[in-house]
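Below you'll find the structure, written out as structure tokens, and then a few comments.
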Amino acid sequence: MSIEMLARSTLDAKLRPSEEDLMNPMHGSGGMGSMDGKHEEKMMASEMLSHPMHADDPHNPMNFPLHRKIFISFTAWLFAATVAFGATCFTAGKAQFIQDFNIGTGVPLSFIAGLSLYLWGIAFAPIWTPHVAERIGRSIIYLVALPVCGLFILGAGLSTTVASVLVCRFFAGLTGGPCLVLIEGTFADMWSARTTNTYYAFLGTAAYFGASLGPLVGGYLIKATDNWRWTQYFNVILIAVVFIFGLGQSETYQREIPRRHAQKHNKSRKEFCQTQDPALSGVTIGQMLKITVLDAFLGSFTDPIVALSTLFLLFNFAVVFQWFISVPAALGTPPPMGPGYTIDRIGLAIGVTGMVGATCAALMSITIEQVSLRMFKKKSRAPVSLPIEHRLVPAMIGQFFITTALFWIGATVSPKFSPLVPIVGTAVYIFGNVSIIISVIPYLFDAFPPAGTLSALTSAASARILFASAMPMVILYDITALTPLWAFGIFGFISVAMWPIPFLLFRYGPTWRAQSRYTKVATNIIDGTETRGKMPSRDSETTAYKNGMMGA
């Protein structure tokens with residue numbers, strides 16, 4: 001579920017979690033009961049936030065027919081993958097870009113900036129997307145963000161100066177970034193929160209498949225046209241096709257659906273919004289900035305869960321995107337220092353390693369969760385969910401593959417070894433990296449009460465993308481100065497230092513969550529006078545919805 005998913009529905013005072021609930025939010029009875037009152041099993045915070053509509057409401061996305069859920073999910077997947085594709089397809093046109101603008105030899109910084117600035121634009125999406133989605137829903141953002149992104153990509157392709165290319169690339173990432181944020185909330189609206197790792201494993205592959213296909217398709221485009229601009233033109237064509245395909249998607253945000261039904265029945269949207277609880281992402285500009293900027297920044301230094309998760313993710317994600325610069329540089333080097341691969345073969349190498357590694361990691365994560373769920377069900381007759389710390393198991397496994405891959409690649413990027421050896425090592429790294437992403441992010445979904453989780457996920461998302469965009473700017477200089485063995489060896493030693501992180505979160509996570517300032521602030525707000533008279537109960541909202549629309 002996406003960070004913007006948390007900007008919705010309310011924590012009713014009677015549903016406030018106790019410290020014991022926060023330490024064990026997934027099993028037992030009492031406390032955080034179901035919102036429809038049909039059972040007493042505790043609910044995960046993400047489930048409570050994702051599903052404010054009644055379980056028997058025909059408009060509830062959880063009740064959509066299976067074919068409709070699959071269509072909406074696949075559409076969101078395509079939107080996210082297309083934006084990721086736009087980031088890396090550009091990298092295939094290095095030689096033609098340099099020649100077109102006459103900017104020297106090698107891999108100029110101005111060319112690398114075309115990738116980095118696109119990612120920097122995306123890094124802002126987690127900050128502003130939740131606030132916009134809260135007010136207008138998800139579907140309209142999808143349908144506006146992607147074509148606007150396409151216009152800026154077209155602008156990059158038509159640009160006559162390096163500066164204009166870079167400006168357009170930045171704004172393409174800035175406007176397309178929401179598609180990578182919204183996908184998580186879209187999936188959470190329709191699929192059970194009790195299998196978070198399973199559905200996140202699928203949606204998480206969107207960014208990796210898109211980024212991996214970029215150099216692969218770009219390589220064949222360059223071979224056919226010998227013009228870097230076609231990497232941008234083709235991207236625009238792809239965006240147009242995906243946009244048309246996605247025109248039939250439905251709104252899934254469960255605070256927005258009743259608003260639209262109110263309008264259809266000649267009800268005032270503004271008046272209906274006043275019957276809903278205040279947005280958990282903040283109502284005023286100051287509150288919004290506090291949650292997705294100030295608290296997100298401070299949490300990276302003051303909260304152990306946020307600090308460790310952010311550090312873990314930013315390192316591993318940063319190393320991922322350097323491959324799109326270092327792999328072409330290594331494989332494209334002519335003999336005797338390199339294999340002299342053509343651009344299409346380089347793209348094939350990156351594409352295959354990325355997709356194979358991501359697919360294997362997704363399958364592993366799904367298998368672990370499904371097997372664990374069955375084991376838990378055998379031990380208890382009542383329906384139970386895995387404690388959220390169990391979502392970290394794939395990360396515990398994947399991190400060892402990351403370390404292995406870094407030393408493997410550093411030692412084999414040499415004319416003494418076949419290029420296939422480090423290429424396979426890159427696939428191993430992607431496997432480990434994806435295992436961590438689709439493990440730690442779902443863990444943060446339910447780590448804190450709503451506002452705290454929103455801040456934590458914003459911190460993790462923005463930090464990892466910022467560092468991912470910075471690494472390509474320096475990686476070639478590091479490799480040249482230190483040699484591949486030492487450059488990747490240093491990354492390998494850093495990864496060893498991070499081995500304890502998922503185990504620490506697994507062991508101490510419940511205690512840290514219960515003692516977190518995010519949890520305490522949420523508890524004080526619910527108990528204090530700030531919310532009295534300002535937050536109608538969920539029952540009043542539901543009654544207004546049922547009487548005003550369903551009975552019309």
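Values reported hereafter were calculated over all heavy atoms of this structure, with side chains retained and with hydrogens, waters and symmetry mates removed.
- Atom OG of S212 sits about 11.5 Å away from atom CG of L348, to the nearest 0.5 Å.
- The neighbour count for I140 CD1, taken as heavy atoms of other residues, nucleotides or ligands under 6.0 Å away, does not exceed 12.
- Taking the side chain as every heavy atom from C-beta outward, I490 and D478 never approach each other to under 4.5 Å.
- Each of F79, W77, F243, Y253 was scored for a ring pair (Phe, Tyr, Trp, His ring centres under 6.0 Å) with Y142, with one residue passing: F79.
- For the pair P328/P215, no side-chain contact is recorded, criterion being any heavy-atom separation below 4.5 Å from C-beta on.
- Shown here for I237 and W230, the closest heavy-atom pair between the two residues is CD1-CZ3, 4.5 Å.
- For W499 and F400, the distance between ring centers is under 6.0 angstrom.
- Checking side-chain atoms of W408 against main-chain N and O of V421 turns up a donor-acceptor pair under 3.5 Å.
- A donor-acceptor pair under 3.5 Å is formed between the side chain of Q322 and the backbone N or O of V319.
- For L247, the CG atom is densely surrounded, since the number of other residues' heavy atoms within 6.0 Å is greater than 12.
- For F297, the ring pair (Phe, Tyr, Trp, His ring centres under 6.0 Å) test picks out F301, with sequence neighbours left out.
- The main-chain N or O of G492 is found under 3.5 Å from a side-chain atom of S495 such that the two form a donor-acceptor pair.
- With contacts defined as side-chain heavy-atom distances shorter than 4.5 Å, the pair F187/T252 does not qualify.
- Proximity of F445 to L457: side-chain heavy atoms (C-beta onward) are separated by under 4.5 Å at one or more points.
- No more than 12 heavy-atom neighbours from other residues, nucleotides or ligands sit within 6.0 angstrom of CZ on F467.
- Note: F245 and F71 meet the aromatic proximity criterion, with ring centroids under 6.0 Å apart.
- Using a 4.5 Å heavy-atom cutoff, the side chains of T198 and F202 are not in contact.
- In the model, T292 has no side-chain atom that pairs as donor or acceptor with a side-chain atom of T458 under 3.5 Å.
- Around CZ of F171, the count of heavy atoms belonging to other residues, nucleotides or ligands within 6.0 Å does not exceed 12.
- Surrounding CD of Q99 are at most 12 heavy atoms belonging to other residues, nucleotides or ligands under 6.0 Å away.
- By the 4.5 Å heavy-atom criterion applied to side chains, V320 and N316 are not counted as neighbours.
- Side chain of T453 to main chain of D446: no donor-acceptor pair is present (N/O by atom type, distance under 3.5 Å, no hydrogens or angles).
- In summary, the aromatic rings of F321 and F324 are positioned with their centroids under 6.0 Å apart.
- Proximity of F488 to I479: side-chain heavy atoms (C-beta onward) are separated by under 4.5 Å at one or more points.
- Side-chain atoms of S459 and T310 include a donor-acceptor pair closer than 3.5 Å.
- Rounding to the nearest 0.5 angstrom, the gap separating the CG atom in L166 from the CD1 atom in I112 is 11.5 Å.
- Between the side chain of E251 and the backbone N or O of I257, no donor-acceptor pair lies under 3.5 Å.
- The backbone N or O of F90 lies less than 3.5 Å from no partner atom in the side chain of T231, so there is not a single donor-acceptor pair.
- The heavy-atom pair separating C89 from L221 by the smallest distance is SG-CD1, 4.5 Å.
- No donor-acceptor pair under 3.5 Å is formed between the side chain of S365 and the backbone N or O of A361.
- Atom CG of L392 is separated from atom CD of Q399 by 10.5 Å, given to the nearest 0.5 angstrom.
- Y208 and N433 share a donor-acceptor pair across their side chains, judged by distance under 3.5 Å alone.
- Counting only N and O atoms by type, the side chains of T88 and T91 include no donor and acceptor under 3.5 Å apart.
- Between the side chain of R169 and the main chain of A87, a donor-acceptor pair closer than 3.5 Å is present.
- If you check the side chains of D226 and Q96, you find a donor sitting under 3.5 Å from an acceptor.
- Counting heavy-atom neighbours within 6.0 Å of F407 CZ, excluding the residue itself, gives a total above 12.
- The two residues G351 and L216 come nearest to each other via the heavy atoms CA-CD1, 4.0 Å.
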Show your working on side chain to side chain donor-acceptor pair (under 3.5 Å) between W323 and T353 and close with a plain yes or no. CA-CA 11 Å; W323 300 126; T353 56; over 6 Å; no
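- Nearest heavy-atom pair, F64 versus S250, reported as atom, atom and distance to 0.1 Å: CE1-CB, 4.5 Å.
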Identify all side-chain donor-acceptor contacts of residues 143-155 below 3.5 Å with residues at least two apart in sequence or on another chain.
none

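- Counting only heavy atoms from C-beta outward, the side chains of I366 and N197 never approach each other to under 4.5 Å.
- In this structure, CD on E256 lies 7.5 Å from OG on S139, to the nearest 0.5 angstrom.
- In this structure, the side chain of R229 engages the main chain of S159 through a donor-acceptor pair within 3.5 Å.
- Without hydrogens or angle criteria, K69 side chain to M190 main chain gives a donor-acceptor distance under 3.5 Å.
- Nearest heavy atoms, A405 versus G425: CB-O, 3.4 Å.
- The distance from the CD1 atom of I127 to the CD1 atom of I291 is 13.5 Å, given to the nearest 0.5 Å.
- Scanning both residues, M364 and S435, for their nearest heavy atoms gives CE-OG, 3.4 Å.
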